[in-house]
Amino acid sequence: MQDRVEIQAMAHFTIQCLSYVRLPMAWADEHRVQQVLENLLENAIKYSPEGGVIELLVYPTDRSLAWEDNIIDTTEEQGASQISITVRDHGIGIPQWQQSMVFEPFLRLPQSASRQISGVGLGLYIARKLIEAMHGTITLKSSSGQGTSITLTLPIATAATSIATAQSTTDKVLL
């Protein structure tokens, strides 16, 4: 993604990936997760100042975290049931009163006249629908002038969840 950013963006950004040491597999469609992450990273780039740092944090949800040297270390407590991926920027942020609207279709938040940012208002709506279809969640934390963090959670792949999900999503056909 860093290479893609450098080709497409007229400004320079740094993307840092901070990842848990032993990351479990998630039960998800890898292509749809990639689509969502690309959208979140593109949004972070659009709303960050030139030279900004954008962080991608990946970790099991049910553990306490300590960040060091771009690696997440966790305390060895109970096993995680979900994996979380957070895209965090240090850009313009979103005022509290507008945050409930960002996942609505075709809704664009007001922008200052000096900064016109392209889009039709479908990216976060589609991201939410895709993550929910994979039995996950997507949440937003932001404050004006302080940046935005969007976190998606996905269930961890286990034999039991894989079989149950496969059975519940299989089309039934009468022969």
Side-chain angles (χ1 to χ4, degrees), residues 1-77 79-96 98-99 102-103 109 111-112 115-119 122-128 130-132 134 136-157:
M1 191 67 183
Q2 181 76 39
D3 293 337
R4 184 171 158 193
V5 167
E6 289 173 1
I7 291 169
Q8 291 181 348
M10 300 305 280
H12 177 73
F13 297 92
T14 300
I15 298 174
Q16 293 180 341
C17 184
L18 309 172
S19 181
Y20 173 67
V21 179
R22 293 169 299 280
L23 198 59
M25 298 283 290
W27 179 252
D29 180 327
E30 70 179 283
H31 300 292
R32 298 296 69 99
V33 172
Q34 181 177 349
Q35 178 183 347
V36 169
L37 290 175
E38 285 177 2
N39 177 269
L40 297 179
L41 287 167
E42 287 172 2
N43 281 351
I45 290 164
K46 285 180 190 179
Y47 297 100
S48 291
E50 183 172 351
V53 174
I54 298 162
E55 297 163 307
L56 182 67
L57 317 170
V58 187
Y59 52 94
T61 303
D62 300 339
R63 299 197 178 181
S64 58
L65 305 176
W67 302 87
E68 286 185 31
D69 298 325
N70 295 347
I71 297 175
I72 303 171
D73 190 21
T74 64
T75 58
E76 296 299 326
E77 296 174 4
S81 62
Q82 295 180 320
I83 187 170
S84 292
I85 304 170
T86 299
V87 176
R88 181 169 58 195
D89 67 58
H90 304 280
I92 62 174
I94 302 168
Q96 182 70 32
Q98 292 179 328
Q99 291 179 20
V102 298
F103 292 106
L109 298 179
Q111 301 168 27
S112 70
R115 185 164 185 173
Q116 290 300 317
I117 297 171
S118 65
L122 281 175
L124 290 177
Y125 171 75
I126 292 169
R128 180 175 58 104
L130 289 172
I131 295 302
E132 288 174 351
M134 292 181 274
T137 61
I138 187 166
T139 58
L140 175 135
K141 283 178 58 179
S142 186
S143 57
S144 193
Q146 300 297 312
T148 300
S149 293
I150 297 183
T151 300
L152 59 99
T153 59
L154 295 165
I156 290 201

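Not measured: the values here are computed from a predicted model. Residue numbers count from 1 along this sequence.
- In this structure, the separation between CZ on Arg128 and CD1 on Ile150 is 12.5 Å, given to the nearest 0.5 Å.
- In this structure, a donor-acceptor pair under 3.5 Å is present between the side chains of Glu38 and Gln34.
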Worked check of side-chain contact (heavy atoms from CB on, under 4.5 Å) between Leu152 and Leu40: CA-CA 10 Å; Leu152 59 99; Leu40 297 179; 3.9 Å; yes
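- In terms of heavy atoms, Asp89 sits closest to Ser48 at CB-OG, 3.3 Å.
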side-chain contact (heavy atoms from CB on, under 4.5 Å) evaluation trace for Thr86 with Tyr59: CA-CA 9 Å; Thr86 299; Tyr59 52 94; 3.2 Å; yes
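- Here CD1 of Ile83 is found 7.5 Å from OG1 of Thr61. Values are rounded to the nearest 0.5 Å.
- Atom CE of Met25 is separated from atom CD of Glu30 by 8.5 Å, given to the nearest 0.5 angstrom.
- With sequence neighbours excluded, the residues that form a side-chain hydrogen bond (donor to acceptor under 3.5 Å, both in side chains) with Thr137 are Thr153.
- In this structure, a donor-acceptor pair under 3.5 Å is absent between the side chains of Thr151 and Thr139.
- Shown here for Leu124 and Val102, the closest heavy-atom pair between the two residues is CB-O, 3.4 Å.
- For the atom pair CD of Gln99 and OG of Ser143, the computed distance is 8.0 Å after rounding to the nearest 0.5 Å.
- Here Ser149 pairs with nothing under the side-chain hydrogen bond (donor to acceptor under 3.5 Å, both in side chains) rule; sequence neighbours left out.
- Across all non-hydrogen atoms, the minimal contact from Leu154 to Met134 is CD2-CB, 4.0 Å.
- Residue Ser144 holds its OG atom at 8.0 Å from CD1 of Ile92, rounded to the nearest 0.5 Å.
- Of the inter-residue distances, the one linking Ile15 atom CD1 with Leu56 atom CG reads 8.5 Å to the nearest 0.5 angstrom.
- The shortest side-chain heavy-atom distance between Glu55 and His90 falls under the 4.5 Å cut-off.
- Residues Phe103 and Leu140 share a closest heavy-atom pair of CE1-CB, 4.1 Å.
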